[in-house]
Structures are given as structure tokens and as C-alpha cells.
Amino acid sequence: MKKEREFWPDFINWFAVRPNFSGFLLFFVLSIAIVTVSLLRNQIQREKEQNEMNSILTGVYQNIEQSLKNCYTTSVSLALTLDNEGIPRNFNTIGKRLVDSNPIVSVVELVPNGVIKYVYPLKGNEAVLNLNIFHSKELKKGAKKAVEINKIYFAGPLELRQGGIGYVGRLPIYNNNKFWGFTAVVIKLETLLKFSGIDAADQSNYYFQLSKKDPYTSEEQFFLPTKTDLSNRYYVSKPITDSDSVLYLIAKKQNILYTPILLSSILCITIAILFGFLTAKLLRKPEELRILLKEQETILLKNEMKFKTIFDQATIGFAIIDAQTGYFIDANHKCCEMLGFPLDEMKEKSVKSIIHPDDVGKILKNIKKLNNGKIAEFVSEKRSLTKTGKYIWVNLTVYPLKENGDEPKSHIVFFKDITTDKESEEDLKISLQLVTEQNKRLLNFSYIVSHNLRSHTSNIEAIISLIESTESEEERNEMMNLLKSVSNSLNETMSHLNEVVNVNANLSLVIAPLNLKEYIVKTQEVLYEQIELSNATFIIDVPEDAIINYNSAYLESILYNLISNAIRYRHPQRKPIITIKLYKESKKDVLEIADNGIGIDMEKNGEKLFGMYKTFHTNSDARGMGLFITRNQIETMGGKITTNSTPDSGSTFKIYIK
């Protein structure tokens with residue numbers, strides 16, 4: 001113990017009696033330290049500049065993306081003006097509404113077979129009328145690209161035939177599974193830039209540029225009136241979705257990597273020499289050294305206070321977490337305000353405790369990759385729990401805080417609230433779903449009219465023919481009663497179809513409690529002639545009081561299609577037997593319709609069984625529409641249909657009722 005107490009004074013005295021060596025040693029150590037700090041400072045400055053540029057670029061980019069998404073809705077709405085024969089109805093009226101409702105769109109067009117035939121407004125755009133875009137060198141590649149990806153594609157920026165520069169968004173349209181042409185929207189470049197927020201963005205240190213590659217020369221073309229030589233410039237960029245253009249944000253003053261390092265190195269050597277000299281001097285003058293150390297202590301304290309001020313007053317939320325446990329070490333005011341927890345409560349929480357359970361697994365996996373050095377950072381959009389118990393959407397950016405290249409002890413996490421953006425995105429999805437649902441219901445309505453009315457008229461025609469040929473008054477009266485029954489069924493079908501028209505107009509299906517047994521009996525009456533001719537037998541296991549909540553027109557159509565198919569595709573060597581059951585399966589009502597007919601080869605035809613215009617037998621009456629209609633109606637009601645069939649043995653259809 002005595003020897004240990006004597007060691008340290010001797011060690012210090014060794015350096016004290018060698019001031020020149022001590023000064024040189026201090027100079028050497030400080031030089032290494034300051035060079036290291038300079039490199040880190042340069043890296044932090046570069047990351048800060050890149051984050052700032054990415055933030056500015058992302059804001060403008062999201063505005064452009066949102067504007068183009070709104071144009072997709074306009075294109076879809078324009079397609080709805082086409083009737084089943086591909087002829088537009090009320091184009092000018094609807095075109096005016098669409099242009100008025102979407103200020104970014106200046107012109108809307110319908111382009112059947114690649115030829116611009118309908119333009120609104122026509123005034124000022126006469127130059128594009130009857131233009132065949134597939135014959136235009138400038139336009140055909142963009143049009144073909146839209147057809148290739150089968151969704152809207154924004155060609156541009158390009159010179160517009162009617163004058164100016166802009167984008168043309170084209171959405172390919174198909175009618176009866178055949179390519180019809182395009183709906184198109186024209187966006188002036190100045191209008192897009194106005195709504196993008198470029199003018200409002202801070203451009204004191206940066207400027208924007210917009211480019212695309214010439215499809216024939218691959219040369220990059222620039223469209224904004226700024227410098228376009230990027231070879232000696234630092235920039236960030238994002239390709240605009242569903243287009244061939246790129247948005248750039250370019251730094252006006254390029255930070256050169258080696259100049260700050262060189263200046264810092266010179267400065268550090270100067271400081272190191274100075275400190276070495278001072279050390280030698282201070283070894284002789286302990287009092288002067290004590291004063292100098294006090295001054296340095298004051299400087300360090302001020303720097304710490306500045307850092308703390310910046311940390312607390314930052315306008316973006318960020319926090320420091322333990323790399324191993326995930327617990328919060330510190331968090332700034334903005335982060336605490338965003339999540340609603342005071343700092344002392346934040347320090348008691350971990351990342352796992354504030355992230356939605358469905359998202360925790362991926363977050364922990366990425367943090368583990370950061371710890372192992374497999375990734376340098378990660379950015380993710382997740383749901384975060386607030387103190388009120390509600391979840392908000394946040395954009396998380398996580399960077400490791402490493403020391404000397406070792407495994408990081410902590411990570412810095414940046415938080416950005418994107419709840420509003422997520423809600424806007426969800427609203428857009430709901431709008432698209434409503435348009436798709438309306439289109440599907442209108443299509444189902446046309447199929448019901450085609451199939452159901454044809455069956456009634458066919459029965460009426462057959463009964464009238466029998467009345468004309470019969471000579472017995474008794475048989476004539478019987479036929480008249482049958483005709484009256486069919487007429488009543490026709491009248492009821494017309495009532496149901498009128499109900500479907502009202503339903504489609506209101507975007508909601510009328511669902512009512514229906515007696516299933518009564519609808520089965522009505523279907524048998526409609527198919528009376530086919531049942532008699534085929535000598536079909538029915539086995540019905542459905543209670544008299546069985547009630548299901550369903551749309552009446554859909555239920556009538558589903559029963560008609562499945563029972564008529566069972567009769568039409570009966571086995572030639574045996575009489576048809578049709579079994580109808582209603583039972584429970586997993587607490588859901590299941591309507592089962594089975595037959596002993598010729599069946600279907602499911603291995604060969606199972607995938608296309610419910611396809612439009614798909615037939616699997618040589619029956620001349622087969623149109624390939626019945627099962628297609630049936631599945632769409634069942635799925636519209638929230639249910640599903642399954643099939644089990646074997647050739648020569650028959651088929652069983654199960655309808656799961658929601």
C-alpha cells in the first residue's frame with residue numbers, strides 16, 4: 001500500500017521535471033483528438049444538411065404526389081361517363097365539374113383507340129382534337145407505358161400541342177375486357193409547381209430542379225430556370241411516382257469534404273502547439289495552469305448549456321434511447337409534447353411500450369440490426385401510443401450513436417407526427433372504394449335485367465304457345481292460371497329491379513328479412529316448364545320459417561342461376577335430383593344447393609369457374625354469365641361461395657351468408 005501511495009507522486013514528478021517532453025506529448029494527443037473531432041463535425045454537418053434537404057424535398061414531393069393522386073380520382077370519374085357500349089354520356093357537363101373540382105387539372109380528354117375525340121374545355125385546345133397519340137413520336141411511348149403498367153401514367157414534362165409545358169396523365173380503359181382507349185388529364189407545369197409548395201419552401205441555401213430523360217436520346221432534360229450542371233453540386237432527388245420525371249433539391253454552396261478537415265487540422269496543430277507550450281510553462285507556473293483550467297471549464301459549461309438549449313427548443317421531436325434495453329435516456333420538449341408524457345415519465349418507458357403491438361416486432365428487429373452494424377439507420381412509419389391512450393402515426397428515423405466504431409451504447413430517434421397525412425390517404429382509399437362499389441353494383445343490375453327478364457319472357461312465350469295449341473277449356477284455364485303466376489313473378493322481379501336502381505343511386509343495398517322457403521318456391525314456379533320437361537325432383541331441407549337478411553333481387557337471381565344450371569346440366573342417363581339445405585357452419589348460415597348432374601372438372605376448370613363468359617360444356621344455351629353474376633352478388637352481400645364437383649357425379653355449391 002505504501003509503494004502504491006509513492007507511485008503517483010513520482011509519476012507526476014517525472015513529467016513535471018520534463019516540461020518539453022510533456023508539452024510535445026500533449027501536442028501529439030491533442031492533434032489526434034482534434035482531427036478526430038473535425039472528422040466527426042464534418043460528418044454531422046453533412047448529415048444535418050442532408051436531413052434538412054430531404055425534409056424540404058419530401059414536403060414538396062408529397063404535395064406533388066398528392067396532386068397527382070387527386071388526378072387519378074378525376075381520371076376514374078371521367079371513365080364512368082362511358083356506357084356499356086363505350087359511348088360517353090354528358091361528357092361536357094361532367095368534364096366541367098371535374099375541372100372545376102380539381103384546380104390542378106386544366107383539360108380532361110377521352111381518347112378512344114388512341115385518338116383524342118373528346119376535349120373539355122375545347123376552346124384553346126382545338127390543336128389536340130383528332131390527334132392519334134400512337135402516331136406521335138413525343139406521345140406514343142408515354143401512352144404505351146400506361147397500357148403496359150395498366151394504371152395511370154403521367155408523361156412529362158413535355159411541350160403541349162395547345163401551348164406551354166405540362167404533364168399528361170393517361171389511364172387505360174377496358175370495356176368488356178377489351179382495350180377501349182384512355183381517359184386523360186392535362187396538368188400545366190406552372191400549376192403543378194404552384195400547388196407543390198416550391199415557392200413557399202426555403203430556397204436561401206437550395207434550389208429545385210425538375211428533369212426527365214429523353215426517351216430516344218436518354219439525355220437528361222431540365223425544365224426549371226436554374227443551373228443544371230450537377231457534376232460539382234451536392235443534391236438529393238426523388239423520382240415522381242408513375243411518371244418519367246425526377247425532382248431535385250440542389251445545394252447552392254457545395255460543402256467540400258477536405259477543406260474543413262485541412263483547416264481544422266491546421267487549427268488543431270496550432271492549438272496543440274499552443275497547449276504544449278502552455279503545458280511546459282504551466283508546469284513551472286501551477287497557478288497560471290489553475291486559472292487556465294478554470295477558463296476552459298467555463299467554456300465547456302457554456303457549450304453544454306448551448307447544446308441543452310438546442311436540444312430542448314428544437315422544433316422536431318427527438319430522443320436518446322438505450323441501445324440494449326430500448327428505454328428512453330432523454331427526450332426533448334417537442335417529443336414529450338407530441339406523446340403527452342412529461343420527461344420523468346418518458347424516462348420510465350421503453351420504445352416497446354409506446355409502439356403499437358403489431359409494429360413492435362419489426363422495430364425491435366431493426367434496432368438489433370443497428371446494434372450489430374448490419375444497417376446504418378432505418379426510417380419507418382409506425383403507430384405510437386400517447387398518454388391519452390390514443391395512437392398517432394409517426395415517422396421514425398433512428399441513428400446509432402457510436403464511440404470509436406464500437407457497438408453503439410445508445411441511439412438517437414427523430415419523431416415526426418404524420419397522422420394527418422395518413423388520415424388523408426385513408427380518405428382517398430375510401431373514395432376509390434365507393435366508386436368501385438358503385439360500378440360493380442351497376443354492372444350486377446344490368447346482368448340481372450339480362451338474365452331474369454329473359455327467363456320470364458321465355459316462359460310467357462312458351463305458355464302462350466301452349467294456350468294456342470290446346471283445345472281443352474280445362475287445359476286452357478290451367479295454362480291461364482300458370483300464365484298469371486308467371487306474370488306475377490315478372491311483376492315482382494320488376495319491382496326488385498326498380499329497388500336495385502334506387503340502391504345503386506344511394507350507394508347502399510337495401511337488405512330485408514326474407515323467407516328463404518318462399519323464394520325457393522317462387523324460383524320453382526319460374527322454372528316450371530324446365531322442371532316438368534326434365535322430370536326433376538327436389539329435396540328441400542329448409543324450415544318454413546327460415547329467415548335470412550338479404551337483398552331480394554340478389555336472392556332471386558342467385559337461386560334462379562344455381563337451380564336452372566342444375567337442370568340445364570343434368571346427366572343424360574338419370575333424372576335430375578336437386579337438394580337444397582340450410583344449416584349452420586361456424587355460426588354462419590350456409591345455403592347448400594347440390595345436384596347429380598354431369599359435374600365439372602375442377603382440376604382443369606376450377607380457377608376460371610366463376611369467370612365472365614367461361615363455359616365448360618357444349619350446351620348451346622350456355623353463356624358463361626350465370627356463375628359470374630352469382631359470385632359477384634354473393635360477395636357484394638359480404639358472403640362467399642365455394643364449389644365441390646366431380647365429373648359424372650354432380651356439383652355442390654355452398655353459399656356462406658354474412
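Nothing here was measured: the structure is a model prediction, and the numbers come from that model.
Asp421 meets the salt bridge (Lys or Arg N to Asp or Glu O under 4.0 Å) test with no other residue; sequence neighbours excluded. Applying the side-chain contact (heavy atoms from CB on, under 4.5 Å) criterion to Lys141, with sequence neighbours excluded, gives Pro215, Tyr216. Not counting sequence neighbours, the partners of Lys151 by the salt bridge (Lys or Arg N to Asp or Glu O under 4.0 Å) test are Asp242. Taking Val542 as the reference, Leu516, Lys517, Ile520, Ile540, Ala546, Ile580, Leu582 meet the side-chain contact (heavy atoms from CB on, under 4.5 Å) condition, with sequence neighbours excluded. Not a single side-chain contact (heavy atoms from CB on, under 4.5 Å) links Ser586 to another residue, sequence neighbours left out. Contacts of Asn366 classified as side-chain contact (heavy atoms from CB on, under 4.5 Å), with partners at least two apart in sequence or in another chain: Lys362, Lys369, Ile375, Phe378. Legend: residues meeting salt bridge (Lys or Arg N to Asp or Glu O under 4.0 Å) with Asp541, ordered by chain and number and at least two apart, are absent. Applying the salt bridge (Lys or Arg N to Asp or Glu O under 4.0 Å) criterion to Lys387, with sequence neighbours excluded, gives Glu345.
Screening residues 61-107 for ring pair (Phe, Tyr, Trp, His ring centres under 6.0 Å) gives Phe91-Tyr118 as the qualifying pairs, with residues at least two apart or on separate chains. For the salt bridge (charged side-chain N to carboxylate O under 4.0 Å, His left out) condition, the pairs that include at least one residue of residues 92-107, sequence neighbours left out, are Lys96-Asp100. Residue pairs meeting the ring pair (Phe, Tyr, Trp, His ring centres under 6.0 Å) criterion with at least one member in residues 570-592: none, sequence neighbours excluded.
When each of Ile577, Val521, Ile563 is tested with Phe538 by the rule side chain to side chain contact (heavy atoms under 4.5 Å, CB included), just one qualifies, namely Ile563. Partner of Gln66 under the side chain to side chain contact (heavy atoms under 4.5 Å, CB included) criterion, chosen from Asn63, Leu68, Ile64, Asn70: Asn70. Checked options Val128, Leu131, Asn132; the residue passing with Leu139 is Leu131 (criterion: side chain to side chain contact (heavy atoms under 4.5 Å, CB included)).
Under the 4.5 Å side-chain criterion, counting only non-hydrogen atoms from C-beta, Ser384 is in contact with Leu339.
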Give the intermediate values and the outcome of side-chain hydrogen bond (donor to acceptor under 3.5 Å, both in side chains) for residues Glu65 and Thr241. CA-CA 7 Å; Glu65 287 286 287; Thr241 307; 2.7 Å; yes
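Between the CD1 atom of Ile634 and the CG atom of Leu555 there is a distance of 10.0 Å, given to the nearest 0.5 Å. Taking OH of Tyr391 as the reference point, atom NZ of Lys382 lies at 13.5 Å (rounded to 0.5 Å). One distance of note links OH of Tyr560 with CD1 of Ile629; it measures 10.5 Å at 0.5 Å rounding.
The closest donor-acceptor contact from the side chain of Ser557 to the backbone of Ala553 lies at 3.5 Å or more, if one exists at all. In terms of modelled atom types and a separation under 3.5 Å, the side chain of Asn551 and the main chain of Tyr554 share a donor-acceptor contact.
Using bins of under 30°, 30° to 60° and over 60° for the plane-to-plane angle, the ring pair Phe179/Tyr174 lands in the perpendicular bin.
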Throw together a table of side-chain donor-acceptor distances under 3.5 angstrom for residues 103-116, partners on residues two or more places apart or in other chains.
| residue | atom | partner | partner atom | Å |
| --- | --- | --- | --- | --- |
| Ser106 | OG | Val186 | O | 3.0 |

